[in-house]
Structure formats: structure tokens, C-alpha cells
Amino acid sequence: MTNVLDGNAVSESIRDDLADCIDTLTHEGVTPGLATVLMSEDPASETYVSMKQQACDDLGIESIHRELDADAPAGDLYGVVDELNADPAVHGILVQMPVPDHVDERTVLRSIDPVKDVDGFHPENVGRLVAGDARFKPCTPHGVQKLLAAADVDPEGKDAVVVGRSDIVGKPMMNLLIQKAPGGNATTTVCHSRTRDLAEKTRSADILVAAAGRPQFIDGSMIGEGATVIDVGVNRVDADTEKGYELVGDVDFESARETAGVITPVPGGVGPMTITMLLYNTVKAAGIQEDVAVDLP
Ligand code: NDP
């Protein structure tokens, strides 16, 4: 029987534990605060930001929101980030990507105070992750690590294959899986668009993490018998639905579940975990900045 992992259930259980951490902080007079910054008219970005705000409200994290016109000068965005860096009520800052073309993404990421960088994309936090001393693990790969733990899949000694090498998913996923630490110790291969014989690599995986942004391109024939398959992909494809599209992963779920031992669905797998780990990092950030010990899950 293939184990279909329920990301919503795992996420709920972590959020319950985070609620206890927030009680601890509140007891010390601290309300964790997350600032979201949106400089885009892209409906998907607007949806992501409002989902993050809603999740904060539900858990008792104060959400602060700043919005800029997409054609505003880059300096306006840096000004907002500076203001939030200096605001003691703000423990975490998230600038929703992508930013408009006239704004340099790297400069934005570097302008966020590293102790408030709850996405974990500032070079200081990337360096700490690589060095095995992570402050904020990037939310999506951290969520994958939590899903593996919830399914009792220990990466130690296993062959892991990550498809995708982006800064937000593939690279940090690799960095977590190779760490000499719980949730790591896997022998890890990272594949990308120049990889030869991709199917041969993916078939060799005990743990396969798909994060390429290619709808359903990994099918059952590319998966080893009994493998754990984590599908990070979220792709819109045309469909005969009310909205005219549906969301699918990078994995062809129906054929993959015939071969996989454990598999995540899309939606309802990695997606809910990403937001939960953002809440996790915000609570952690509040604990660090306010010097309150919180017992994170
Ligand atoms: P990027 O486009 O930044 O990176 C995609 C990566 O996949 C690149 O490294 C690219 O290689 C590689 N790739 C593309 N095509 C192939 C191929 N045919 N074979 C092998 N490798 C390939 O995407 P992201 O990392 O930002 O996102 C990946 C997916 O995950 C997307 O569907 C995105 O929507 C989803 N996502 C989901 C989240 C969630 O919460 N569930 C959060 C973040 C992302 P190269 O480097 O050579 O170009």
C-alpha cells in the first residue's frame, strides 16, 4: 500500500505546537510579528501574501503588511525594508518574490536584517545553513524535512535525488539532506536541466524530491520500487474547471503511486508545509530577538 502523505495534517500538528510556543512568548509580553511586503500586481503573489497573513492571524502572530506600486522606484522598497528592520514589533520580514525587473532581487534580500530574514535567503543565513549552523532553514525544504520525519523516513544512509537547483528549493534541500545531522546524512545527487539520463538518476533514488516546475514530467517509470517521492512542484495547467485551470505537481501522481512507497499529493502535500515553516521561523525569530526560550517542534 502506498502511503499518501497528508501535508495538511502534518502542518496542523506543527501549528498546534507553535501555538504553545506563542503562549510562552505571550506570557513574556511578546507578540511575534511578521511583515509581508508586496511590490507586484501578480495575482498569484497577492494570493500567497494573503494566505501568509491569514495563517498568521489564525495562530496569533501579528501580521504587518506593506504594499508598493509595481512601478515605484527601487529605493522606496529599500526604504520600507529599512523601516521594518528598525521596528521592534517586527520579528520577521518577507518580501514576496518576484520583485519587478527594475529592482535587484539580490540587493533586496541583502537589505533584510539577517535576524529577521525568516525566508532564510540572506547570504549570512545561507552560509550558516551550509556550515551546519542554520538559523532559519528555508521554508519549503524545511517543510519537506518535516514531512519525511512525519512519515518515519530517515534520510540517513539513503540515496536522495533532488531535481532542481534553485536558491529557494533545490540548493537548500540538498544542503539539508547532506548535513551530518538528524534529517540529513543522505547521499545526495542534484539534477537540473543539463543533467544527462535524468530517469536513470531518479530511478536510483530512495528519496526523490521533485522541484523543477515542469507539470507531471516525472512518471512511474522514473521512480524506483518503494521510493519516497516528495513533489514540490505547483504548476497551473488548463483544465475544464470553474477557474479554467488546475494545479498539478512535477510528478504524475497516478502512475507514480503505483511504484512509490510514500508520496505527497499536489495540492495538499508540500504546499501547506511551506507556510507552516514560515510561521515556525517567525516564532523562532521572536524568541531570538526577545531572548525568550521557545520549545520549537
Ligand atoms: P525554478 O524555476 O527556480 O528552478 C527549477 C529548477 O528545475 C532549475 O534548477 C532547473 O534547472 C530545473 N529543471 C527545469 N527543467 C528541468 C528538467 N527537464 N530536468 C531537470 N531539471 C529541470 O523553480 P523553483 O525551484 O522556484 O520551483 C520549482 C517548483 O516548485 C515550481 O513548480 C514552483 O511553483 C514550486 N514551488 C512550490 C513551493 C511550495 O510551497 N509547494 C514553494 C516553492 C516553489 P536549471 O537550473 O538548469 O535551469
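Indexing begins at 1, ligand by ligand and atom by atom, following the structure's order.
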Would R165 count as being in polar contact with ligand 1, using the rule that some N or O on each side must be under 3.5 angstrom apart? yes

Decide whether D57 and Q53 meet the rule of one side-chain donor and one side-chain acceptor closer than 3.5 Å. no

Heavy atom of protein inside 4.0 Å of atom 32 (O) of ligand 1, strictly below: yes

Nearest-contact summary for atom 12 (C) of ligand 1 - protein heavy atom, Å: G164 CA, 4.0 Å

Is the number of heavy atoms from other residues, nucleotides or ligands under 6.0 Å of D240 CG greater than 12? no

So does E246 pair up with R236, basic N to acidic O under 4.0 Å? no

Which residue supplies the protein heavy atom nearest to atom 34 (O) of ligand 1, what is that atom called, and how far is it? V234 O, 3.2 Å

Less than 4.5 Å apart, side chain to side chain, heavy atoms only: is that true for V10 and I14? yes

Return yes if some donor-acceptor pair links the side-chain N/O of D252 with the main-chain N/O of D219 below 3.5 Å, else return no. no

Counting heavy atoms only, which of K201, R236, H192 comes nearest to atom 21 (N) of ligand 1? H192

Does I218 belong to the same Ile/Leu/Val/Met/Phe/Trp/Tyr cluster as I207, with side-chain heavy atoms less than 4.5 Å apart forming each link? no

Proximal atoms of ligand 1 relative to V163 (non-hydrogen, under 4.0 Å): 20 (C), 21 (N)

Return the closest protein heavy atom for atom 39 (C) of ligand 1 as residue, atom name and distance. T274 OG1, 3.6 Å

Distance-only polar pair, side chains of Q96 and K52, donor-acceptor under 3.5 Å: yes

Can you confirm, on distance only, whether ligand 1 has an N/O atom lying under 3.5 Å from any N/O atom belonging to V169? no

Got a donor-acceptor contact below 3.5 angstrom from the H102 side chain to the A72 backbone? yes

Could you say whether the N/O atoms of R194 and ligand 1 ever approach to under 3.5 Å? no

Which residue supplies the protein heavy atom nearest to atom 37 (C) of ligand 1, what is that atom called, and how far is it? V232 O, 3.1 Å

If you measure from atom 7 (O) of ligand 1 to every heavy atom of A212, G269, G7, P215, which option wins on shortest distance? A212

With heavy atoms of G213 as the reference, note each atom of ligand 1 found under 4.0 Å away. 28 (C), 29 (C), 31 (C), 32 (O)

Considering only protein heavy atoms, which is closest to atom 42 (C) of ligand 1, and at what distance to one decimal place? T140 OG1, 3.3 Å

What residue and heavy atom of the protein are closest to atom 10 (C) of ligand 1, and at what distance? S193 N, 4.3 Å

Does the N125 side chain pair with the main chain of P114, one donor and one acceptor, at a distance under 3.5 Å? yes

Can you name the atoms of ligand 1, numbered from 1 with element, that are less than 4.0 Å from a heavy atom of N235? 32 (O)

Check: L109 main-chain N/O paired with S111 side-chain donor or acceptor under 3.5 Å: no

Tell me yes or no: between the side chains of R257 and T2, is some donor less than 3.5 Å from an acceptor? no

Taking only non-hydrogen atoms of I168 and a 4.0 Å limit, the atoms of ligand 1 in range are 26 (O)

Counting from 1 in the order shown, the ligand 1 atoms closer than 4.0 Å to a non-hydrogen atom of A211 are 5 (C), 6 (C), 7 (O), 28 (C)

Proximal ligand 1 atoms for F217, defined as those under 4.0 Å from one of its heavy atoms: 17 (C), 18 (N), 19 (N)

Inspect the surroundings of CE in M51 and state if more than 12 heavy atoms from other residues, nucleotides or ligands are less than 6.0 Å away. no

Identify the protein heavy atom lying closest to atom 25 (O) of ligand 1, giving its residue, its atom name and the separation to 0.1 Å. S166 OG, 2.5 Å

Near E46 CD, under 6.0 Å, is it more than 12 heavy atoms from other residues, nucleotides or ligands? yes

Protein heavy atom at shortest distance from atom 15 (N) of ligand 1: R214 NE, 3.1 Å

Counting from 1, what ligand 1 atoms have a heavy atom of G271 closer than 4.0 Å? 40 (O), 41 (N)

